[in-house]
Amino acid sequence: MSKKSCKDRKSEVMHWRCCLVCLKYGHMAKKCHSSVKCLICGRRHYVLLHPDVRKENPISPKDTLYTMSRRKPHGSHQI
């Protein structure tokens with residue numbers, strides 16, 4: 001599914017009547033109780049449904065998490 005365009009992935013999820021937040025069948029995003037947030041933009045949708053940024057920036061969500069975990073806390077200075 002990740003090789004399809006964002007539009008195609010979203011269409012597929014909607015075709016199968018699954019939630020855009022958690023991808024589970026049986027409810028829509030408006031009624032979803034999941035705390036899932038996109039790892040790229042922080043909005044309330046599954047990361048595979050994020051608009052295609054891979055053409056501009058080939059970083060994977062896994063790499064994004066690694067980069068974020070390696071950031072120094074605000075105010076820390078290296079001597």
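Everything numeric here is computed off the predicted structure, so don't read it as measured data.
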*Does Arg9 use its side chain to pair, donor to acceptor, with the backbone of Leu48 at less than 3.5 Å?*
yes
What I want to check is whether the side chains of Ser5 and Asp8 have a donor and an acceptor closer together than 3.5 Å. yes
| Evaluation steps, side chain to side chain contact (heavy atoms under 4.5 Å, CB included), between Cys22 and His27 | CA-CA 10 Å; Cys22 67; His27 63 275; 3.4 Å; yes
| Would you say the side chain of Arg43 lies within less than 4.5 Å of the side chain of Lys37, judging by non-hydrogen atoms? | no
For Leu49 and Cys6 the tightest heavy-atom approach is O-SG, 3.2 Å
Side chain of Arg44, backbone of Ala29: donor and acceptor closer than 3.5 Å?
yes
(Q) Between Lys24 and Cys32, is there a side-chain heavy-atom distance shorter than 4.5 Å? (A) no
Closest non-hydrogen contact found for Val13 with Leu20 is CG1-CD2, 3.7 Å
In this structure, SG of Cys18 is separated from NZ of Lys10 (nearest 0.5 Å) by 14.0 Å
Determine whether Val36 and Tyr46 make a side-chain contact, defined as any pair of heavy atoms from C-beta on separated by less than 4.5 Å.
yes
Looking only at heavy atoms, the pair that brings Tyr25 and Trp16 closest together is CD1-O, 3.3 Å
Cys41 and Cys38 have their tightest heavy-atom pair at N-SG, 3.5 Å
Tightest non-hydrogen contact, residues Met28 and Arg17, listed as CE-O, 3.5 Å
Can Leu23 be reached from Met14 by stepping across I, L, V, M, F, W or Y side chains whose heavy atoms are under 4.5 Å apart? yes
